[in-house]
Colleague: 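Mind looking over this structure? Questions follow.
The chain is numbered in sequence order, starting from 1.
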Amino acid sequence: MPSLFSMIYKKFPLIIFVFIIYLFPVYSQAEPSQYGKKMAEKALNEKIYDERMWHVLMQYKKPGGRKLRSLVDDEKFFLAENGKYSPKDELKATIYALFDDDLSKNDDNNHPVCVFSGRREWLVERLGIDRNKLPKKSCTKYNEFRKKLDPASVTVIFPFMYLKNPASMFGHTMLRINNSRNDPLTSYSVTFAANVPEDVSSFDYITKGLFGGYLGYFTVKQYYKTIYEYGYAENRDIWEYDLNLTKEETIKLFNHLWEMQGIGSDYYFFDENCSYNMLMLLESARPDLYLSTSILWEAPTDTIKKVKKSGLITDKKYRPSHIKILEINSKGLSNNAVNLAQDVAEGKKTIDAINNSSYSAEEKAAIYDLAIEAMRFIFLQQTVLTEQMVKDYQKNTIDILANRARLGVKSHKKIEEPGSPDEGHAITRIKIGVGAENFKEFYTEAGFKLGFHGLDDIDKGFIQNSQLDAIDVNVRWNTRTNEVTVPEAALLRYASYSPIKRMTKSLSWKIEIAGEEKDYKKGSFFTPYIRGGVGLTFAAGGFSSWIMADMDLAFSEGYNPYWTGLGFGGDIGLMYSFIGGKFLARGYYRYFVLENLGAEFGGNFTYTIPVTQNNSIEIKYGYKNHWEIENHDIGVFWRFYF
């Protein structure tokens, strides 16, 4: 019987071979044909590794002025050992791999000719490569994917901001690759998103999202599923921007998308996010666009503005959310009529309740329209659907449509488009102005806000009655005393003042992590605080008003010996947006219970006048009474957004 040593000795060459195969990628051992070597030599002599298109395809960047590297973080994407950092080495390795004649190394789908279609097509065009010299591969998976998507044109898709999900509170950007039939519903949407585990904690989600702890991947799905996810499940408006990319350019984009399938890149909330990757994808279709040039962050709204500025947009369309559709269909109906439609949709009443009512034919038609939309809304909100539920929904839908058709009344409901994202202000703001405290202490003040949209900003292009301010700091210089102070600063102000409507009843809420200069009996101190509140908002005639209960946890040496203040109270407010600007008035009252400090109350009024899309004038007046110390503040400021 052979010894263990002799067995290992006999198998040693095989072990070494398997080890080498495992250690080094197959592509790194590519042995090209003589023609392939000639093409590689030509490419290196002409230094095409420095050309724009090669850098676009490989996503080579110098982030923050650092060393050149690819933003792709998946080793499967590179054919050279140091291809992530060397465009030259990666180019040579790519050409060698494309002309690898050893057909035993790769099957028809995994050969570089099939996998790296974007690189292949550019090199064929750029170097004048004879396609007949490339290895003969059927590329079945690539051809099936291309047939499925049938790329003909491209549309940018923007699902509106969604305040209930931190990852979507800035909006979202994706593309739709339209098929040759020009049928949006059966076309495919393309998105880039982080691969986040389902059981991840909020802390891990935020920290890893901020610092690139997740890999992001491109995914495609049929567009009707995208509409359901965003327009129905999350009730977000969707804007669609058709682009003027030619079919040839669309195929270039498709080829790059294909070679990015299953390839991961570090995902960052603020810069290398969904929007940034969509811009790089557009650059693969037309490399002279230079769209992915953000410095601080790439917000989805700014992405739309970049695409517009580049001259790509030919048309835009608005798809209202399902909630908006319900609101549109309920307009002009009495409360009783709305309740009747809801009862029919929920199965509490039959269709005969509409048929036998005393409403006119036009009113009955409107009730039917609302009932069918309400029934669809209820059906699509179900997390679990049984076969019987589907059958009942289909039967009830047919019954309502049949009764609606017998009326012979045409619907005249008009969808009013809100301001589109490309029409809104930019997200970063600076302001400068002058004012006076107590009508005698004159000051000059400057402010910086990283983003995004505040209650006193013009609403066009943003969610009305919403607030998402991040890193907002104001610095004030007293012209008499030369004293410099920080009257207010915020790390985060996050709020939704959604009005209660007949079809939707949601609470208003706010979260603030901020600070302000406060007057105490022992002096003035900057006081950081955490504030949360919940309440109700009502809307009528263009006005929105709210009442909200809140709680403060504040920290300052002006409080008791423990530097802590705990206050309970609330605030009321009134907003009105119109073509001439935006009015905002609010008042507050809080009583601090620790050490019996007493009450603070006050209010402010702001009028914002739009000058251009990214310029406005702010006029404000504020009154504070903290611990019986009064303060009046009036000022005028110029705001610039960029």
Side-chain angles (χ1 to χ4, degrees), residues 160-171 206 210 269-270 296-302 421 424-433 445-476 486-498 508-517 526-535 537 544 546 548 550 552-554 571 573 575 577 581-586 588 604-608 610 613-618 620 622 633 635 637-642:
F160 223 55
M161 303 86 176
Y162 185 56
L163 296 181
K164 294 182 180 179
N165 182 354
S168 302
M169 58 190 178
F170 301 108
I206 294 173
L210 289 173
F269 283 160
F270 287 127
L296 291 175
W297 63 348
E298 189 64 60
T301 50
D302 283 350
H425 61 75
I427 60 172
T428 303
R429 186 187 79 186
I430 57 175
K431 73 174 187 177
I432 188 167
E445 184 172 308
F448 171 81
K449 182 168 71 173
L450 181 62
F452 174 68
H453 178 73
L455 288 179
D456 56 355
D457 290 320
I458 300 299
D459 286 327
K460 191 173 186 179
F462 292 86
I463 299 178
Q464 197 169 9
N465 298 358
S466 69
Q467 180 176 36
L468 179 55
D469 289 338
I471 309 180
D472 186 5
V473 181
N474 296 309
V475 179
R476 179 176 294 181
V486 178
E488 59 180 349
L491 179 64
L492 177 70
R493 295 190 189 98
Y494 189 24
S496 173
Y497 295 86
S498 298
S508 298
W509 50 266
K510 67 179 178 183
I511 300 170
E512 296 180 21
I513 304 173
E516 63 178 327
E517 187 84 6
F526 184 78
T527 305
Y529 63 83
I530 300 172
R531 179 178 299 154
V534 64
T537 300
S544 295
W546 72 84
M548 185 173 289
D550 61 26
D552 264 32
L553 182 61
D571 75 293
M575 284 185 289
S577 293
K582 182 177 184 180
F583 288 102
L584 171 63
R586 62 193 309 176
Y588 64 89
N604 55 67
F605 167 83
T606 304
Y607 176 35
T608 305
Q613 183 174 348
N614 289 314
N615 289 273
S616 63
I617 297 172
E618 171 194 349
K620 75 166 189 177
D633 190 353
F637 303 89
W638 184 276
R639 296 173 171 182
F640 172 67
Y641 301 82
F642 62 98

Colleague: On the 0 to 90° scale, with breaks at 30° and 60°, tag the Phe462-His425 ring pair as parallel, tilted or perpendicular.
Modeller: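 Correct class here is parallel.
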
Colleague: Given the rule in the salt bridge (Lys or Arg N to Asp or Glu O under 4.0 Å) test, do Arg531 and Asp571 qualify, once you have shown the distances and angles that lead to the verdict?
Modeller: CA-CA 12 Å; Arg531 179 178 299 154; Asp571 75 293; over 6 Å; no

Colleague: Mind listing the closest non-hydrogen atom pair of Pro610 and Gly581 along with its distance?
Modeller: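 So the minimum-distance heavy-atom pair works out to CD-CA, 3.4 Å.
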
Colleague: So, the side chain of Asn604 versus the backbone of Gly622: is there a donor-acceptor pair under 3.5 Å, distance only?
Modeller: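 Answer holds: no.
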
Colleague: Would you compute the distance between atom CD1 of Ile471 and atom CG of Leu491 and round it to the nearest 0.5 angstrom?
Modeller: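 Rounded to the nearest 0.5 Å, the CD1-CG separation comes to 6.5 Å.
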
Colleague: Hey, what do you get for CG (Asp552) to OH (Tyr588), rounding to the nearest 0.5 Å?
Modeller: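 Spacing of CG (Asp552) from OH (Tyr588) equals 10.0 Å.
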
Colleague: Output, in order, the C-alpha distance, side-chain angles, deciding distance and verdict of side chain to side chain contact (heavy atoms under 4.5 Å, CB included) for Phe448 and Val473.
Modeller: CA-CA 5 Å; Phe448 171 81; Val473 181; 5.6 Å; no

Colleague: Rounded to the nearest 0.5 Å, what separates atom CE in Met161 from atom OG in Ser496?
Modeller: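 Between Met161 CE and Ser496 OG, I get 13.0 Å after rounding to 0.5 Å.
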
Colleague: With a 4.5 Å cut-off on side-chain heavy atoms, are Asp633 and Arg476 touching?
Modeller: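 Contact flag for Arg476/Asp633 side chains = yes.
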
Colleague: Applying the side chain to side chain contact (heavy atoms under 4.5 Å, CB included) test to Phe452, which of Leu468, Thr428, Asp469 qualifies?
Modeller: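 So, applying the side chain to side chain contact (heavy atoms under 4.5 Å, CB included) to Phe452 and each of Leu468, Thr428, Asp469, only Leu468 qualifies.
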
Colleague: Locate the shortest heavy-atom distance separating Tyr497 from Lys510; write the atom from each residue and the value.
Modeller: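 So the minimum-distance heavy-atom pair works out to OH-CD, 3.9 Å.
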
Colleague: For residues Thr527 and Ala554, report the shortest heavy-atom separation together with the two atoms involved.
Modeller: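 Looking at all heavy atoms of both residues, the closest pair is CG2-CB, 3.9 Å.
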
Colleague: Out of curiosity, Phe160 CZ to Thr301 OG1, how far, rounded to the nearest 0.5 Å?
Modeller: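 Rounded to the nearest 0.5 Å, the CZ-OG1 separation comes out at 9.0 Å.
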
Colleague: Would the number of heavy atoms belonging to other residues, nucleotides or ligands and lying under 6.0 Å from NZ of Lys431 be above 12?
Modeller: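 Count over threshold, so yes.
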
Colleague: Just so I know, are the side chains of Arg429 and Asp457 near enough to count as touching, which here means a heavy-atom distance under 4.5 Å?
Modeller: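 When only atoms from C-beta onward are counted, Asp457 and Arg429 do touch, with a gap below 4.5 Å.
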
Colleague: Where is the tightest heavy-atom contact between Ala426 and Tyr641, given as atom of each residue plus distance?
Modeller: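 That would be O-CD2, 3.4 Å.
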
Colleague: Using only atom types and a distance under 3.5 Å, with no angle test, would you say the side chain of Gln613 pairs donor to acceptor with the backbone of Gly424?
Modeller: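 Yes: the side chain of Gln613 pairs with the backbone of Gly424.
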
Colleague: Determine the minimum heavy-atom distance between Phe640 and Asn615, stating which atoms define it.
Modeller: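 Here Phe640 and Asn615 meet closest at CD1-OD1, 3.4 Å.
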
Colleague: Using a strict threshold of under 4.0 Å (side-chain N to carboxylate O), is an ion pair present between Asp456 and Arg639?
Modeller: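 So Arg639 pairs with Asp456 through a salt bridge.
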
Colleague: Quick one: closest heavy-atom pair of Glu445 and Pro487, and the distance?
Modeller: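 Smallest interatomic distance, heavy atoms only, reads OE1-CG, 3.8 Å.
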
Colleague: As an exercise, state the distance from CG of Asn474 to CD of Glu517, rounded to the nearest 0.5 Å.
Modeller: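 Rounded to the nearest 0.5 Å, the CG-CD separation comes out at 12.5 Å.
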
Colleague: For a side chain to side chain contact (heavy atoms under 4.5 Å, CB included) check, start with the C-alpha distance between Phe637 and Ile432, then their side-chain angles and the critical distance, and finish with the verdict.
Modeller: CA-CA 5 Å; Phe637 303 89; Ile432 188 167; over 6 Å; no

Colleague: Between Phe583 and Phe605, what is the ring plane arrangement, given parallel below 30°, perpendicular above 60°, and tilted in between?
Modeller: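 Because their plane-to-plane angle lies in the 30° to 60° range, the rings of Phe583 and Phe605 count as tilted.
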
Colleague: Does any non-hydrogen side-chain atom of Tyr494 lie less than 4.5 Å from one of Ile513?
Modeller: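 Result no, sub-4.5 Å side-chain heavy-atom pair not found.
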
Colleague: Could you give the distance from CG (Leu450) to CD1 (Ile427), rounded to the nearest 0.5 Å?
Modeller: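 Those atoms lie 7.0 Å apart.
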
Colleague: Examine distances only and state if a side-chain atom of Lys582 and a backbone atom of Met575 form a donor-acceptor pair shorter than 3.5 Å.
Modeller: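 Answer holds: no.
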
